[in-house]
There are 2 protein chains.
Amino acid sequence: MQSTHLSSSSLIHEGKAKQLFLTADPQILRVRYKDDATAFNGQKFDRLLGKGVLNNLISAHIFEDLANFGVPSHFINRVSDVEQLVRRVDIIPLEVVVRNVVAGSLAKRIGWGEGCPLNQPIVEFYYKNDDLGDPLLNENHIDLLSLASAREINELREQALKINELLIRKFSTIDLKLVDFKLEFGRQPDGILILADEISPDTCRLWDRKTNEKMDKDRFRRNLGGLLEAYQEVWNRLNKVEDA
Amino acid sequence: MQSTHLSSSSLIHEGKAKQLFLTADPQILRVRYKDDATAFNGQKFDRLLGKGVLNNLISAHIFEDLANFGVPSHFINRVSDVEQLVRRVDIIPLEVVVRNVVAGSLAKRIGWGEGCPLNQPIVEFYYKNDDLGDPLLNENHIDLLSLASAREINELREQALKINELLIRKFSTIDLKLVDFKLEFGRQPDGILILADEISPDTCRLWDRKTNEKMDKDRFRRNLGGLLEAYQEVWNRLNKVEDA
């Protein structure tokens, strides 16, 4: 923990689940994980005390794990219960979604039941734009909106699929099925793309491998209750493996 | 007109705008253009006497024109005011949409105003499935649903862009701007893909080049009135060039 990074603390961005602060180093930002839970583009909202702590722990753990497997991210280190330092990047306004099992909007789009396994992972790009409701985009739309070049789209897809492989394996060791997840990427000053945002039960659908119980934000979206307990259980399982 | 084709007339499919009948030749179907106007997945409905005649004329004319430019279709010939004979194909349940100007769902998806010209045409694939509301699909979805192979998707895109070039030029000669349009394709018994369905003001957005007046089904969708007059004007302009 480098205290210089924390000396300056002006808020530069407030998202639905996190705040971003400047630090003394212009290349480094401080992320603060909030306790806010939101869904359906912010229409559903609650504050769940302790969610920020858990997502900060889980996301830091996963980013460290991915780095060990050769997938760098914006993550530098965790500096408090709810804060981590990250490299400053220009976030590409695309939500890169990878799916291994039919759930959520894919079930509605293609008319298949939730829980159908996919033979091959599906990659989707959504426009990160609350005003438009984060619509699905194809590659022509991404090009039209100048969100990413064709080369970058291919790289986003390849990185997302590589991360999917690593995360499937990771979660499988703790008896969780990785149903789907959302990634965001950023451009570094040199133009290179790097994984950013967070990876947590807010951004992944995780089902218990034996019971298929939902251990993710769907507990909030679908009023199932027990969100904090589920996130705590995900963290306990991750942390246990770490200790072992 | 081969009367044998018309001897058998059992209805085998009824769509929102057309009926399909068997003929004595199992490889040939008779299409009957209805006067029904529908929009918003059938929620809006009206009967506009004379629309079937006009769309049959316009679609036959355009299919003939495309054939002259080396783009074959299922169209064989027009056999009555509201009927044409077509080659029987297995329709691929994809709506292939090509856009030259922002309008309709693209305006909503990307947040740009209607009328913005696109530097390059956009191609979109929608799942032809009323129950699901004809959702946008990406190539991963098309593969998952086994709707078309990667090779076929490329061919659909190439054919659609070629047809776009030809239609832009065609409509430009009659002072109409081709804003966007929807195509459907079918597989022939040998597996080769061929243009099918119809090309008419029901399936194209056509704006008068000088006034930007809408000459297409948006007159019905948006309660602008004068749909039949607009379709008649499109036909008059097409027919005039034919005579010239």
Side-chain angles (χ1 to χ4, degrees), chain A residues 41 93-150 153-154 156-158 160-161 164 179-181, chain B residues 41 93-150 153-154 156-158 160-161 164 179-181:
Chain A
N41 202 8
L94 284 172
E95 301 194 337
V96 184
V97 170
V98 184
R99 300 175 179 274
N100 299 303
V101 175
V102 174
S105 70
L106 181 64
K108 294 199 182 82
R109 187 176 304 278
I110 66 171
W112 290 16
E114 275 209 341
C116 287
L118 303 173
N119 286 336
Q120 287 188 351
I122 292 274
V123 179
E124 298 170 330
F125 296 96
Y126 292 87
Y127 191 9
K128 195 171 143 62
N129 186 316
D130 285 342
D131 291 343
L132 302 173
D134 299 335
L136 180 73
L137 298 182
N138 72 21
E139 297 187 20
N140 278 192
H141 302 134
I142 295 171
D143 181 55
L144 174 65
L145 294 165
S146 303
L147 302 180
S149 68
I153 295 170
N154 281 337
L156 291 174
R157 182 181 285 111
E158 275 172 31
L161 288 171
N164 185 43
V179 171
D180 55 39
F181 60 99
Chain B
N41 203 9
L94 284 173
E95 301 194 338
V96 184
V97 170
V98 184
R99 300 176 180 274
N100 300 302
V101 175
V102 174
S105 69
L106 181 63
K108 294 200 183 82
R109 186 175 304 278
I110 65 171
W112 291 15
E114 275 210 340
C116 287
L118 303 173
N119 286 336
Q120 287 188 351
I122 292 274
V123 179
E124 297 171 330
F125 296 97
Y126 292 87
Y127 191 10
K128 195 172 142 63
N129 186 316
D130 285 341
D131 291 343
L132 302 174
D134 299 334
L136 180 72
L137 298 182
N138 72 21
E139 296 186 21
N140 278 192
H141 302 135
I142 295 171
D143 181 55
L144 174 66
L145 294 165
S146 304
L147 302 180
S149 67
I153 295 171
N154 282 336
L156 292 174
R157 182 180 285 112
E158 276 172 29
L161 288 171
N164 184 43
V179 170
D180 55 39
F181 60 99

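Every chain is numbered from 1, with letters handed out A, B, ... down the list of sequences.
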Item to check | Where B:L106 and B:E124 come nearest, the two heavy atoms and their spacing | outcome: CD1-OE2, 3.8 Å
Item to check | Interface residue of largest heavy-atom contact number with chain B, from A:V123, A:N119, A:D131, under 4.5 Å | outcome: A:V123
Checklist entry - With respect to chain B, which residue among A:L137, A:N129, A:I122, A:N138 yields the maximal number of heavy-atom pairs within a distance under 4.5 Å? => result A:I122
Item to check | Under 4.5 Å from any heavy atom of chain A - which part of B:D143 | outcome: side chain
Item to check | Non-neighbouring partners of B:N164 that pass side chain to side chain contact (heavy atoms under 4.5 Å, CB included), sequence neighbours left out | outcome: B:V98, B:N100, B:P121, B:I168, B:L178, B:F181
Checklist outcome for this item: When every non-hydrogen atom of A:D134 is compared with those of A:E95, the smallest separation belongs to OD2-OE2, 4.1 Å
Next on the checklist: The test is side chain to side chain contact (heavy atoms under 4.5 Å, CB included); show your working for A:L147 and A:F125 and say whether it passes.
Outcome noted: CA-CA 11 Å; A:L147 302 180; A:F125 296 96; over 6 Å; no
